[in-house]
Amino acid sequence: QVQLVESGGGLVQAGGSLRLSCAASGHTFSTLVMGWFRQAPGKEREFVAAIGWTSTYYADSVKGRFTISRDNAKNTLYLQMNKLKPEDTAVYSCAARSGPYYGSTYETKPYNWDYWGQGTQVTVSS
């Protein structure tokens with residue numbers, strides 16, 4: 001069983017930056033495919049980014065502004081978010097799964113992921 005705990009959310013002005021972290025335990029972290037999703041009020045959960053060993057995959061809405069990375073020695077996943085917009089406001093959750101990394105629309109489907117964190121709120125004011 002994998003436990004995931006997010007941190008780093010908060011309130012930021014439009015154009016600002018935040019870095020989210022996700023601490024993982026209960027599994028060999030380096031073997032997991034990791035990802036970030038977000039959910040705004042009244043909307044469905046939305047894919048943000050995924051990372052395999054080193055390869056990354058992004059939603060078009062965040063490409064060029066967000067960077068996903070991992071530190072296998074620290075069992076931690078990161079999401080650096082720059083040039084934030086009010087429409088980025090959501091609860092951000094990290095996710096993990098076993099198996100190969102596809103780097104395609106496969107990663108964008110929540111039902112393909114096995115483990116989820118509780119989420120951290122990100123609010124971007126205009």
Side-chain angles (χ1 to χ4, degrees):
Q1 194 75 4
V2 177
Q3 292 80 44
L4 303 171
V5 179
E6 302 93 339
S7 61
L11 173 64
V12 63
Q13 287 189 330
S17 299
L18 279 176
R19 188 176 83 153
L20 305 183
S21 299
C22 172
S25 61
H27 197 283
T28 304
F29 180 74
S30 61
T31 66
L32 294 170
V33 179
M34 300 296 298
W36 288 99
F37 285 76
R38 66 187 182 185
Q39 188 166 20
K43 294 188 176 182
E44 293 187 352
R45 183 172 284 176
E46 176 188 28
F47 170 78
V48 175
I51 186 168
W53 183 251
T54 58
S55 298
T56 58
Y57 185 72
Y58 295 94
D60 287 343
S61 59
V62 306
K63 201 174 294 183
R65 299 188 298 123
F66 291 10
T67 302
I68 188 172
S69 62
R70 65 192 299 164
D71 186 334
N72 291 334
K74 295 183 178 179
N75 291 349
T76 302
L77 175 73
Y78 302 101
L79 184 68
Q80 177 66 44
M81 305 185 294
N82 299 329
K83 301 179 182 179
L84 282 160
K85 305 175 182 179
E87 50 264 44
D88 294 319
T89 296
V91 174
Y92 284 70
S93 299
C94 65
R97 62 175 184 79
S98 301
Y101 170 78
Y102 294 103
S104 67
T105 55
Y106 183 93
E107 313 295 355
T108 70
K109 310 301 184 184
Y111 53 75
N112 287 330
W113 295 80
D114 301 318
Y115 307 101
W116 295 88
Q118 291 297 313
T120 184
Q121 177 70 46
V122 172
T123 303
V124 184
S125 63
S126 57

TODO: Answer with yes or no after comparing the ring centroid distance for Phe66 and Trp36 against a 6.0 Å cut-off, counting only values under it.
DONE: no
Task: Plane angle bin for Tyr57 and Phe47 - parallel if under 30°, tilted between 30 and 60°, otherwise perpendicular - done: tilted
Open item on the list: Are Val2 and Phe37 linked, directly or through intermediate hydrophobic residues, by side-chain heavy-atom contacts shorter than 4.5 Å (ILVMFWY only)?
Closed with: no
Task: Single-linkage hydrophobic cluster Val91~Ile68, side-chain heavy atoms < 4.5 angstrom - done: no
Open item on the list: When you measure from the centre of the six-membered ring of Trp113, is the NZ or CZ of Arg45 closer than 6.0 Å and no more than 45° off the axis?
Closed with: no
Open item on the list: Looking at Tyr78, I'd like to know if the NZ or CZ of Arg70 sits under 6.0 Å from its six-membered ring centre while staying within 45 degrees of the ring's axis.
Closed with: no
TODO: Could you list all the disulfide (SG to SG under 2.5 Å) pairs where at least one residue sits in residues 41-94, not counting sequence neighbours?
DONE: Cys22-Cys94
Please report the shortest heavy-atom distance between [X] and [Y], naming the atom on each side.
| X | Y | answer |
| --- | --- | --- |
| Ser61 | Arg38 | OG-NH2, 3.6 Å |
| Met34 | Ala96 | SD-CB, 3.5 Å |
| Asn75 | Phe29 | OD1-CB, 3.3 Å |

Task: Verdict with reasoning, Val33 to Glu107, per side chain to side chain contact (heavy atoms under 4.5 Å, CB included) - done: CA-CA 9 Å; Val33 179; Glu107 313 295 355; 4.1 Å; yes
Task: Pairs involving residues 81-104, ordered by first then second residue, that meet ring-ring contact (aromatic ring centres under 6.0 Å, His included) (sequence neighbours left out) - done: Tyr102-Tyr106
TODO: For the pair Ser93 and Glu6, evaluate side chain to side chain contact (heavy atoms under 4.5 Å, CB included) and give the outcome as yes or no after the intermediate values.
DONE: CA-CA 7 Å; Ser93 299; Glu6 302 93 339; 3.7 Å; yes
Task: Heavy-atom donor-acceptor pair, Ser55 side chain to Gly52 backbone, under 3.5 Å - done: no
- [ ] Measure the CG-CD1 distance between Leu77 and Ile51 for me, rounded to the nearest 0.5 Å.
- [x] 7.0 Å
Could you tabulate the donor-acceptor pairs under 3.5 Å formed by side-chain atoms of residues 7-18, not counting sequence neighbours?
{"residue": "Ser17", "atom": "OG", "partner": "Asn82", "partner atom": "OD1", "Å": "2.9"}

- [ ] Any chance you could lay out the side chain to side chain contact (heavy atoms under 4.5 Å, CB included) test for Tyr58 and Thr56, step after step, and finish with the verdict?
- [x] CA-CA 7 Å; Tyr58 295 94; Thr56 58; 3.5 Å; yes
Open item on the list: Taking side chain to side chain contact (heavy atoms under 4.5 Å, CB included) as the criterion, tell me which of Asp88, Thr89, Leu20 meets it with Val122.
Closed with: Leu20
- [ ] With side chain to side chain contact (heavy atoms under 4.5 Å, CB included) as the test, would you mind laying out the steps for Leu32 and His27 before giving the verdict?
- [x] CA-CA 8 Å; Leu32 294 170; His27 197 283; 3.7 Å; yes
